[in-house]
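Ligands are counted one by one from 1 in listed order, and the atoms in each one are counted from 1 as well.
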Amino acid sequence: MTTTRHLLTGTELSRDDLLAVLRRAHELKAAGVGPGATAPSHPASLAGLSVGLIFQKPSTRTRISMEVGVHELGAHPLLLRPDEMQLSRGESVKDTARILSRHVHAVGIRTNKDSLLEELAAEGTIPVVNLLTDGHHPCQVVADLLTLQEAFPERLSDDGGLDDLHLAYVGDGNNVARSIALVGAIAGLRVTVVAPDGYQLDPAETTATLSDDPRTGVAGADCLYADVWVSMGDTDSDERRAALRAYGLDDALLDAAAPGAIALHCLPAHPGEEISAEVLYGDRQRIWDQAENRRHAQKALLEWVLRAGPFSDAA
Ligand code: CP
Ligand code: NVA
């Protein structure tokens, strides 16, 4: 009997798994499905399957890229709004997991507490994919790694690893920062998180280098990464904005990084806060490619959890 594969934090992926997912994501992207393509040229590896998608927090990129990605792989995406589910009227996560497991083949969920995601995985019998929790955003980071591979093809290890690259995340030590540190490390990426006191990752939970000084923290980095200062669920306080004011990503900070350094941002952006408009819309960023890569990366991740396409047990 095979065990169910989940993607809760991303640490379920070994280095070999993660690099294979990234290779597959490049293949799927090159197959030319999506706007501008005349016809899909990759097989519908999830034909006949259904994937539930539950969003308990707002989303633009994740929702669009998952719904379209599931469709492109030949499966049916089932958008489940929490206010239309009995979950919102007190039905337990346990019973919801049991029902989902009788009808769909995998479920992606964006929610607050990581414990809810863990309960869904423990009580059901189908793969659960984390589409963002308070603690983690693994799908985002797989797309980020894909974008780094595209930006620095000559710097990759023989197996596609990012061992020679250094990313500095600048800003709030949040779910995205935590996932970059965790999942980036699996692919060999060196990660520094630059954040002020009180907004930094817990040193006990991360292998990333931690700094509170933007200038020295980004020195030698090939990529500077920004995310919002106020995440969904955070209190939007003057104190928070004041603490993070010196941690914005602009051209001057890129100048302090390695020559040729690129800017990434998971979006949504607040130009003039965590990133300048010049960087967001300029030629030193790969942010809009990064946003497209969400779809390609998640398609490969769905094939991985569902043991479909090149990840088939029979392959
Ligand atoms: N980056 C990201 O997850 O965007 P959404 O919140 O729009 O899904
Ligand atoms: N840290 C942000 C990421 C949004 C994609 C949040 O959780 O709101």
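Not a single salt bridge (charged side-chain N to carboxylate O under 4.0 Å, His left out) links Glu119 to another residue, sequence neighbours left out.
The only option from Glu67, Glu292, Glu72 that meets the salt bridge (charged side-chain N to carboxylate O under 4.0 Å, His left out) definition with Lys299 turns out to be Glu72.
Closest to atom 2 (C) of ligand 1 among all protein heavy atoms lies Arg294 NH1, 3.3 Å. Of the protein's non-hydrogen atoms, the one nearest atom 6 (O) of ligand 1 is Arg110 NH1, 2.8 Å. Summary of contacts: the protein heavy atom closest to atom 4 (O) of ligand 1 is Arg61 NE, 2.9 Å. Closest to atom 7 (O) of ligand 1, if we only count protein heavy atoms, is Thr60 N, 2.7 Å.
Taking 4.5 Å as the limit, some side-chain heavy atom of Arg155 sits within range of a side-chain heavy atom of Asp222.
Other residues, nucleotides and ligands contribute more than 12 heavy atoms inside 6.0 Å of the CG atom of Asp202.
At a 4.0 Å cut-off, at least one heavy atom of His137 sits close enough to ligand 1 to count as contact.
For residues 131-140, the set of pairs meeting the side-chain hydrogen bond (donor to acceptor under 3.5 Å, both in side chains) definition, not counting sequence neighbours, comprises Lys57-Asp134, Asp114-Thr133, Asn130-Thr133, Gln140-Asp144, Gln140-Arg294. The stretch residues 150-184 participates, sequence neighbours left out, in these ring-ring contact (aromatic ring centres under 6.0 Å, His included) pairs: Tyr169-Tyr225.
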Write 'none' if nothing qualifies; otherwise put on separate lines each N/O atom of ligand 2 with a protein N/O atom under 3.5 Å away and their distance to 0.1 Å.
unit_1: ligand 2; atom_1: 1 (N); unit_2: Asn174; atom_2: ND2; d: 3.3
unit_1: ligand 2; atom_1: 1 (N); unit_2: Asn175; atom_2: OD1; d: 2.8
unit_1: ligand 2; atom_1: 1 (N); unit_2: Asp227; atom_2: OD2; d: 2.7
unit_1: ligand 2; atom_1: 1 (N); unit_2: Ser231; atom_2: OG; d: 2.7
unit_1: ligand 2; atom_1: 7 (O); unit_2: Asn175; atom_2: ND2; d: 2.9
unit_1: ligand 2; atom_1: 8 (O); unit_2: Met232; atom_2: N; d: 2.8

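A donor-acceptor pair under 3.5 Å is absent between the side-chain atoms of Arg63 and the main chain of Phe55, judged by distance alone. Looking only at distances, a side-chain donor or acceptor of Arg110 sits under 3.5 Å from a matching main-chain atom of Pro58.
We find the NZ-NE2 distance between Lys29 and His26 to be 8.5 Å, quoted to the nearest 0.5 Å.
Not a single N or O atom of Leu132, backbone or side chain, sits closer than 3.5 Å to an N or O atom of ligand 1. Considering backbone and side-chain atoms together, Arg63 places no N or O closer than 3.5 Å to any N or O of ligand 1. Geometrically, ligand 1 and Leu267 share a nitrogen or oxygen pair separated by less than 3.5 Å.
Trp304 carries Arg5 over the face of its six-membered ring, with the cationic atom under 6.0 Å from the centre and within 45° of the normal.
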